[in-house]
Number of protein chains: 2
Amino acid sequence: MPRCRRQRPREGEAHRCCPLRGRVRGFVRPWLLLLLLQHPSHGYELLERFGQDERMPGIDPGLLYRTLRHLEDEGLVRSSWDAGPRGPARRLYQVTDEGIAYLHAWAEEIQATKERLEHFLQAYRHHFDRGEGNE
Amino acid sequence: MPRCRRQRPREGEAHRCCPLRGRVRGFVRPWLLLLLLQHPSHGYELLERFGQDERMPGIDPGLLYRTLRHLEDEGLVRSSWDAGPRGPARRLYQVTDEGIAYLHAWAEEIQATKERLEHFLQAYRHHFDRGEGNE
DNA sequence: GGTATTATATGACAAAGTCATATAAGGTGA
DNA sequence: TCACCTTATATGACTTTGTCATATAATACC
């Protein structure tokens, strides 16, 4: 795999290859909504729920908490402080009606994206299946 | 659909809703490599090829030209000036061996992403199929 | 009291995408 | 010749998404 040549490594450090390269992005928001719809959670728990299933995208804590805040700013989720059975209080999120409408729109978009990925894979396989024997 | 509340509209203009919202991104580079592999093109032609098929993601000219340059910086494509039959000279791109290796890696990643999207859609449908009758 | 765990959060930055606009060569017609 | 259109490449300012490192604070446990 080629390394990124644009990003200069920091002083005294090995070159750190761009981790984004090779990953389709923009998929965290609908997952958060769906997980919260399955049952209301706080950030830390969502972090664990994301980590448990490898079929879900990995997530960075900073991104998770910031995304939750954004979703709340936009009225897609609502939060309330909850003094759990132990540990510090946590912010419990749940999806609003607007959030559900948003999720439906997202699901359609994801369906379309899935079809585009399928089209790509089909074109990709077609190219290399045909080319294999001739080159 | 909810509107973005973070982005302020410009003076005298209607609020312009975030077009990114609701779209899975990060998919332009492999498409460029595959299109160029099908046959070498210059930027303007790629722009048209992207526009012709709705199963491909839309692309902005600025992003296209910049992405081509990045791919070249990274050694994934090579370019040469080509004085076409008419109009100004254009930069003709073709994929390198490194670019092909990169595309193969991308294809695996896209396969995995497609499966993650399927998993999302499945969980989404499962949630709403079950919930529909009860609410 | 000191340390680990639980929990939320911010700052600096990289990467991808959007929108507007600049620049320039070449073709065409008045 | 000049104005204007098409073809073609490119840059600047900005937003959004994601990464990595780190800060902060309450609670639990020894």
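In the text below, chain A, chain B and the rest are named by the order of the sequence lines, each starting its count at 1.
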Could I get the full list of salt bridge (Lys or Arg N to Asp or Glu O under 4.0 Å) partners for A:E118, not counting sequence neighbours?
A:K114
OP1, OP2 of C:dA9 versus side-chain N and O of A:Y65: anything below 4.0 Å?
no
With a 4.0 Å limit, can you tell me whether A:R91 has a side-chain N or O closer than that to the phosphate oxygens OP1/OP2 of C:dT8?
no
Side-chain ([X]) to main-chain ([Y]) donor-acceptor, under 3.5 angstrom:
{"X": "B:T96", "Y": "B:G75", "value": "yes"}
{"X": "B:R90", "Y": "B:Y44", "value": "no"}
{"X": "A:S79", "Y": "A:L92", "value": "no"}

What nucleotide among [options] has an atom nearest to a side-chain atom of [X]?
{"X": "A:R66", "options": "D:dA8, C:dG11, C:dA7", "answer": "C:dG11"}
{"X": "B:L63", "options": "C:dT8, D:dT17, C:dG17", "answer": "C:dG17"}
{"X": "B:Y44", "options": "C:dA7, D:dA10, D:dA8", "answer": "D:dA8"}
{"X": "A:R69", "options": "D:dA10, C:dT18, C:dA9", "answer": "C:dA9"}

From [atom1] of [X] over to [atom2] of [N], roughly how many Å is that when rounded to an integer?
{"X": "B:F27", "N": "D:dT17", "atom1": "CZ", "atom2": "C1'", "answer": "18 Å"}
{"X": "B:H42", "N": "C:dG26", "atom1": "NE2", "atom2": "C1'", "answer": "14 Å"}
{"X": "B:L68", "N": "D:dA8", "atom1": "CG", "atom2": "P", "answer": "14 Å"}
{"X": "B:D60", "N": "D:dA13", "atom1": "CG", "atom2": "P", "answer": "16 Å"}
{"X": "B:E48", "N": "D:dT9", "atom1": "CD", "atom2": "P", "answer": "11 Å"}
{"X": "B:L47", "N": "D:dT6", "atom1": "CG", "atom2": "P", "answer": "16 Å"}
{"X": "B:L46", "N": "D:dA10", "atom1": "CG", "atom2": "P", "answer": "13 Å"}
{"X": "B:F50", "N": "C:dA16", "atom1": "CZ", "atom2": "P", "answer": "14 Å"}

Do A:Q111 and A:E115 pair up side chain to side chain, a donor and an acceptor below 3.5 Å, judged on atom types alone?
yes
Does A:R78 pair with A:E98 as a salt bridge, N-O distance under 4.0 Å?
no
N/O to N/O distances under 3.5 Å, protein versus nucleotides 1-3 of chain D:
none

What string of B, S and - do you get for nucleotides 23-30 of chain D, 5' to 3', when a contact is any protein heavy atom under 4.0 Å?
---BSS--
Between A:H104 and B:Y124, how do the two ring planes meet: parallel, tilted or perpendicular, split at 30° and 60°?
perpendicular
Smallest separation among heavy atoms of B:R55 and A:R116, with atom names
O-CG, 2.8 Å
Which residue lies more 5' along DNA chain D, comparing A:G62 with B:E45 via nearest heavy atoms:
B:E45
Test side-chain contact (heavy atoms from CB on, under 4.5 Å) applied to A:L64 and A:L32, step by step
CA-CA 9 Å; A:L64 182 117; A:L32 280 178; 3.8 Å; yes
Should A:L71 and A:L36 be marked as a side-chain contact (heavy atoms from CB on, under 4.5 Å) after you check the CA-CA gap, both sets of side-chain angles, and the distance that decides it?
CA-CA 12 Å; A:L71 290 175; A:L36 287 175; 5.6 Å; no
